[in-house]
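Working notes, structure below.
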Amino acid sequence: MTSLLNTVGASPARDHNGYPSHSRSESIASEARSYSNGMLAFLVLMLAAGASAASAEIRIETPWARATPPGIDRGAGYMTLHNDGEQARTLTGGTADWAESIEIHESREVDGQMRMQALPEGLTLEPGAAVELAPMGLHLMIKGLDEPLTEGDTRSLTLEFRNGETREAQLDIRAPDGTAGHNSH
């Protein structure tokens with residue numbers, strides 16, 4: 001009983017400078033908070049690194065579009081897409097602040113006539129594969145242009161993938177015949 005009274009009536013423990021020291025439970029709680037905060041920061045960094053690594057798996061080569069005449073509100077975008085990753089990725093379309101929509105389309109010959117059709121399921125890029133988006137084949141159909149695409153300009157767009165990934169591309173606008181004129185980058 002005397003030891004209990006001594007404990008209850010005792011003044012708080014002091015450190016070597018004479019200041020009250022924290023209890024052991026407060027120290028443990030403080031260390032646990034520090035550890036939790038450190039782990040949270042580590043996980044956020046790992047997720048960010050994973051997201052950028054996943055984005056780095058899709059490589060865009062030579063993005064371009066043809067110049068459009070005044071009054072035409074549609075254009076087409078071309079490029080080569082490389083999937084350097086180990087999982088298939090499906091391109092579903094894109095967005096741009098200068099167009100209403102960007103879809104994946106395919107032109108092909110049917111009964112001697114060239115026909116264009118949307119690919120509503122998207123375009124799958126297999127691991128290690130390269131897919132060319134080119135005139136008279138697969139391409140980005142850019143609808144609802146806010147103004148004509150002018151030779152020598154560059155337009156930014158965002159490609160969207162089924163898994164939520166996005167990739168930025170800069171379309172160089174070329175002459176209507178598809179050649180890179182003297183004004184092109």
Side-chain angles (χ1 to χ4, degrees), residues 46-185:
M46 292 306 292
L47 288 172
S52 67
S55 293
E57 293 175 351
I58 301 297
R59 198 166 25 98
I60 301 168
E61 185 176 285
T62 320
W64 66 281
R66 288 187 172 135
T68 58
I72 302 297
D73 73 341
R74 292 174 179 229
Y78 311 106
M79 62 194 66
T80 301
L81 299 169
H82 299 268
N83 183 353
D84 296 332
E86 296 179 6
Q87 296 179 355
R89 299 284 194 270
T90 301
L91 177 64
T92 57
T95 59
D97 60 3
W98 46 271
E100 288 178 15
S101 66
I102 299 175
E103 303 172 352
I104 308 300
H105 280 220
E106 179 179 35
S107 295
R108 70 164 101 175
E109 190 173 328
V110 177
D111 298 327
Q113 301 251 348
M114 286 305 289
R115 304 235 187 246
M116 184 173 57
Q117 66 183 21
L119 300 178
E121 297 300 314
L123 173 63
T124 300
L125 309 169
E126 295 298 331
V131 176
E132 184 178 16
L133 279 60
M136 307 306 287
L138 295 166
H139 59 277
L140 298 176
M141 186 76 227
I142 305 167
K143 297 180 177 181
L145 296 173
D146 64 358
E147 61 183 47
L149 301 177
T150 304
E151 180 183 357
D153 285 352
T154 301
R155 297 284 184 101
S156 298
L157 61 85
T158 302
L159 298 177
E160 298 176 332
F161 294 84
R162 179 168 292 134
N163 66 358
E165 287 179 53
T166 60
R167 294 285 286 135
E168 301 299 316
Q170 301 293 319
L171 293 178
D172 287 330
I173 310 304
R174 296 182 179 178
D177 65 2
T179 61
H182 67 280
N183 292 331
S184 293
H185 301 278

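No experiment lies behind these values; they were computed from the predicted model shown.
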Note to self: Run the side-chain contact (heavy atoms from CB on, under 4.5 Å) test on Ile102 and Thr95 for me, step by step, so that the C-alpha distance in whole Å, both residues' side-chain angles and the decisive distance to 0.1 Å come before the verdict.
What the structure shows: CA-CA 6 Å; Ile102 299 175; Thr95 59; 5.7 Å; no
Can you check whether Glu103's main-chain N or O pairs, donor with acceptor, with His105's side chain at less than 3.5 Å?
no
Under 3.5 Å donor-acceptor, Trp98 side chain and Ser156 backbone | yes
Next on the checklist: For a quick check under 3.5 Å, do Glu165 and Asn163 share a side-chain donor-acceptor pair by atom type?
Outcome noted: yes
Handout entry: Any Thr62 side-chain heavy atom under 4.5 Å of Thr80 side chain
Key = no
Taking every heavy atom of Gly122 against every heavy atom of Arg162, the minimum-distance pair comes out as N-NH2, 4.4 Å
Next item on the list: Go through the side-chain N and O atoms of Thr154 and Gln170 and say whether any donor and acceptor fall under 3.5 Å apart.
Entry: no
What one should report as the nearest heavy-atom pair of Gln87 and Pro127 is C-CG, 3.7 Å
#### Entry: Heavy-atom check, side chain of Met79 versus side chain of Leu171, under 4.5 Å
yes
Q.
Assess, by modelled atom type and distance only, whether the side chains of Thr158 and Glu168 contain a donor and an acceptor separated by less than 3.5 Å.
A. yes
Hits for side chain to side chain contact (heavy atoms under 4.5 Å, CB included) against Gln117, two or more places apart or cross-chain, chain-then-number order -> Glu106, Arg108, Leu119
Tell me whether Arg167 contacts the main-chain N or O of Ile58 through its side chain, where contact means a donor paired with an acceptor under 3.5 Å.
yes
* Flag the pair Arg174 and Glu151 as a salt bridge only when some basic side-chain nitrogen lies within less than 4.0 angstrom of an acidic carboxylate oxygen. => no
query = Less than 4.5 Å apart, any side-chain heavy atom of Thr68 and any of Arg74?
reply = no
- Query: Is there a side-chain contact (heavy atoms from CB on, under 4.5 Å) between Leu81 and Leu159 once you walk through the steps?
  - Reply: CA-CA 11 Å; Leu81 299 169; Leu159 298 177; 4.0 Å; yes
Residue pairs passing the ring pair (Phe, Tyr, Trp, His ring centres under 6.0 Å) test with at least one member in residues 72-91, sequence neighbours excluded, are Trp64-Tyr78
Residues Arg155 and Pro148: closest non-hydrogen pair is NH2-O, 3.3 Å
One should read off an interatomic distance between Leu149 CG and Asp172 CG, to the nearest 0.5 angstrom, of 12.0 Å
Whether Thr166 side chain and Glu160 backbone form a donor-acceptor pair below 3.5 Å
no
Evaluate Thr92 against Ile104 for side-chain contact (heavy atoms from CB on, under 4.5 Å), listing each step before the verdict.
CA-CA 7 Å; Thr92 57; Ile104 308 300; 6.0 Å; no
Cut-off 3.5 Å, side chains only: do Thr124 and Thr90 have a donor facing an acceptor? yes
Salt bridge (charged side-chain N to carboxylate O under 4.0 Å, His left out) filter on Asp97, not counting sequence neighbours, yields none
What one should report as the nearest heavy-atom pair of Thr150 and Ala67 is C-CB, 4.3 Å
Contacts of Glu100 meeting side chain to side chain contact (heavy atoms under 4.5 Å, CB included) (sequence neighbours excluded), chain-then-number -> none
Phe161 meets the ring-ring contact (aromatic ring centres under 6.0 Å, His included) criterion, sequence neighbours left out, with none
For this session: Could you tell me whether Glu109 and Arg115 make a salt bridge, using a distance below 4.0 angstrom between a side-chain N and a carboxylate O?
Result: no
Self-check item: Side chains of Ile72 and Leu145 in contact at under 4.5 Å (non-hydrogen atoms)
Solution: no
Applying salt bridge (charged side-chain N to carboxylate O under 4.0 Å, His left out) to Glu86 and not counting sequence neighbours gives none
Heavy-atom nearest pair, Ala99 first then Ile142, reads CB-CG2, 3.6 Å
